[in-house]
There are 2 protein chains.
Amino acid sequence: MTARPPAGAHRATRQGRAIVAALRASPSFRSAQEIHAELCAGGQKTGLTTVYRHLQRLADDGAVDVLRQPEGDVMYRYCASDEHHHHIVCRECGRSAETDCPELSDWADRVAHSLGYSDVSHAVEVFGVCADCRAARR
Amino acid sequence: MTARPPAGAHRATRQGRAIVAALRASPSFRSAQEIHAELCAGGQKTGLTTVYRHLQRLADDGAVDVLRQPEGDVMYRYCASDEHHHHIVCRECGRSAETDCPELSDWADRVAHSLGYSDVSHAVEVFGVCADCRAARR
DNA sequence: GTCTAACTGAAAACGGTTATCATTTCGAAA
DNA sequence: TTTCGAAATGATAACCGTTTTCAGTTAGAC
C-alpha cells in the first residue's frame with residue numbers, strides 16, 4: 001500500500017503554463033480558439049481540447065473572468081481583481097477595463113427585492129469604443 | 001411594367017401569427033426550440049427554420065426582448081415596454097419582470113467616460129428567485 | 001526506477017443556429 | 001376571379017463552437 005499524491009491537485013504541464021502565459025499577456029478577452037491559434041502559431045503545439053479544459057478550470061477556480069459576447073462566443077481574460085467587478089469592453093479592439101460596482105449591486109438588490117425576488121445576482125457588461133479606436137476612426 | 005407591392009413589407013401568415021401568439025401568451029423567456037415544440041404539440045405545424053426567422057425579425061424590429069442565458073441559449077420574450085429596460089429573471093421558473101434603469105445608464109455612462117470609452121451601451125440581467133418559488137421551497 | 005492518477009489530443013459526437021433551395025402562399029393588379 | 005411575382009415556408013444539409021471519448025503520454029510521489 002503506497003501513499004498517493006493528494007487527489008484533485010493540478011499538475012504543472014507545458015501546455016498549462018503556455019495557456020496561462022497567453023492569458024496573462026493579453027489585456028483583452030480572448031476566445032479559446034484564438035488562444036489555441038496563438039499557441040500553435042508560436043510553436044507551442046497544444047490541442048484545442050486542452051485549451052478548453054484549462055480555460056474551464058481556470059474559470060471554475062475564479063482565476064479568469066468569463067464573458068459571453070452578444071454573438072454567443074465565450075471569452076476569457078486573466079483576472080486582475082479578486083473582488084466582484086464588471087468590464088467595459090471596446091467594441092472594436094476588445095480591450096477591456098475593470099470597474100467595481102457598489103452602486104450597481106445596490107440598485108440590483110433594491111429593484112429585485114421590491115419585485116419580490118431574493119438571492120439576487122447580476123450580470124453586467126458595458127460596451128463602448130475606447131479612446132484609441134475613436135482616434136483611429138478619423 | 002406592372003406596379004409592385006412595396007418591397008420589405010411583411011406578409012400575414014398562419015405561422016407568423018402562431019409564433020406571435022405563443023410569445024404573447026407567455027410571461028417568461030422562451031427559446032426558439034421551446035416555441036417550436038409548443039406549436040407542434042398544439043397542432044400548429046411549423047418549421048423550426050420559420051420559428052427562428054420570425055424571432056429574429058421580431059428582435060430586429062424591437063418587438064421582442066432577447067436574452068442570452070449563461071448557458072448560451074438565446075431566449076425571446078414579448079416586449080411590454082418600448083423603452084430601454086432590463087429584466088429580473090427567476091432562476092427557477094423563468095418568470096421575469098421588467099424594470100427601467102435611469103441610474104444604471106448614468107452609472108454606465110459615467111464609468112465608461114471616465115475610462116475614455118464612448119458610444120456606450122450596456123447589457124444587464126438580474127437573476128433571483130421569485131416570491132412563489134421561494135414559498136414553494138419550504 | 002516504478003507506478004498511477006492526471007493530463008493530453010485526434011477524432012467523433014453534440015446541439016443550437018443558419019444557409020440552401022425547391023415548393024407553396026399571399027395579395028396586388030388586371 | 002384569375003394571374004403572377006415576390007415573400008414565406010420547411011425539409012435537409014451545412015456550420016461552428018464546444019464537449020466527450022479513449023488510447024496513449026507524462027508528472028511527480030515513493
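Chain letters run A, B, ... following the sequence lines, proteins first and then strands; every chain starts at 1. Below, all heavy atoms of this structure are taken into account, side chains as well, without hydrogens, waters or symmetry copies.
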Polar atom pairs (N or O), protein with nucleotides 24-26 of chain D, under 3.5 Å:
from: D/dT26; atom 1: O2; to: A/Arg11; atom 2: NH1; distance (Å): 3.2
from: D/dT26; atom 1: O2; to: A/Arg11; atom 2: NH2; distance (Å): 2.8

Scan nucleotides 10-14 of chain D against the protein and return all N/O pairs shorter than 3.5 Å with their distances rounded to 0.1 Å.
from: D/dG10; atom 1: OP1; to: B/Gln15; atom 2: NE2; distance (Å): 2.9
from: D/dG10; atom 1: OP2; to: B/Gly47; atom 2: N; distance (Å): 3.0
from: D/dG10; atom 1: OP2; to: B/Thr50; atom 2: OG1; distance (Å): 3.0
from: D/dG10; atom 1: N7; to: B/Arg53; atom 2: NH2; distance (Å): 2.6
from: D/dG10; atom 1: O6; to: B/Arg53; atom 2: NH1; distance (Å): 3.3
from: D/dA11; atom 1: N6; to: B/Thr49; atom 2: OG1; distance (Å): 3.1

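In summary, the side chains of B/Ser28 and B/Arg95 do not present any donor paired with an acceptor at a separation below 3.5 Å, with no hydrogens or angles considered. Between the side chains of A/His122 and A/His84, at least one donor N or O lies within less than 3.5 Å of an accepting N or O. When only modelled atom types and interatomic distance are considered, A/Arg77 and A/Ser96 share a side-chain donor-acceptor pair under 3.5 Å. Side-chain contact check for A/Gln33 and A/Tyr52: at least one donor-acceptor pair (N or O, by modelled atom type) lies under 3.5 Å.
As judged by a 4.0 angstrom heavy-atom cut-off over every strand, B/Gly72 is placed among residues making no nucleic acid contact. When heavy atoms are screened at a 4.0 angstrom cut-off, A/Arg57 is found touching the sugar-phosphate backbone but no base atom. Looking at heavy-atom distances under 4.0 Å, A/His36 makes no contact with the nucleic acid at all.
B/Leu67 and B/Leu55 are members of different hydrophobic clusters when ILVMFWY side chains are connected at heavy-atom separations under 4.5 Å. Hydrophobic cluster membership differs between B/Ile35 and B/Met75, with clusters built from Ile, Leu, Val, Met, Phe, Trp and Tyr side chains linked at under 4.5 angstrom.
Rounded to a whole Å, the CG atom of A/Asp73 is 7 Å from the P atom of D/dG17. Computed from coordinates, the B/Tyr52 OH to D/dT9 C1' distance equals 16 Å when rounded to whole Å. Going from atom CE of B/Met75 over to atom C1' of C/dG16 covers 13 Å, rounded to whole Å. Taking atom CZ on A/Arg30 and atom P on D/dT18, their separation rounds to 14 Å, with Å as the unit. In this entry the distance linking CZ of B/Arg68 with C1' of C/dG15 reads 14 Å, nearest Å. Put simply, CG on B/Asp60 is 11 Å from P on C/dT18, counting in whole angstrom units. With rounding to whole Å, B/Arg17 atom CZ is found 14 Å from D/dT9 atom C1'. Protein atom CD of B/Glu34 is 13 Å distant from nucleotide atom C1' of C/dG16, rounded to whole Å.
Distance from the side chain of B/His54 is smallest for D/dA8 among the nucleotides D/dA8, D/dG17, C/dT17.
Look at B/Gln56 and you won't find any side-chain N or O under 4.0 angstrom from OP1 or OP2 of C/dT17.
Salt-bridge annotation for A/Glu103 and A/Arg110: absent, with no side-chain N of the basic residue lying under 4.0 Å from a carboxylate O of the acidic one.
The two residues B/Arg24 and B/Tyr78 make their nearest non-hydrogen contact at NH2-OH, 2.9 Å.
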| request: Evaluate the side chain to side chain contact (heavy atoms under 4.5 Å, CB included) criterion for residues B/Tyr117 and A/Val126: first the C-alpha distance (whole Å), next the side-chain angles of each, then the deciding distance (0.1 Å), finally the verdict. | output: CA-CA 10 Å; B/Tyr117 287 67; A/Val126 181; over 6 Å; no
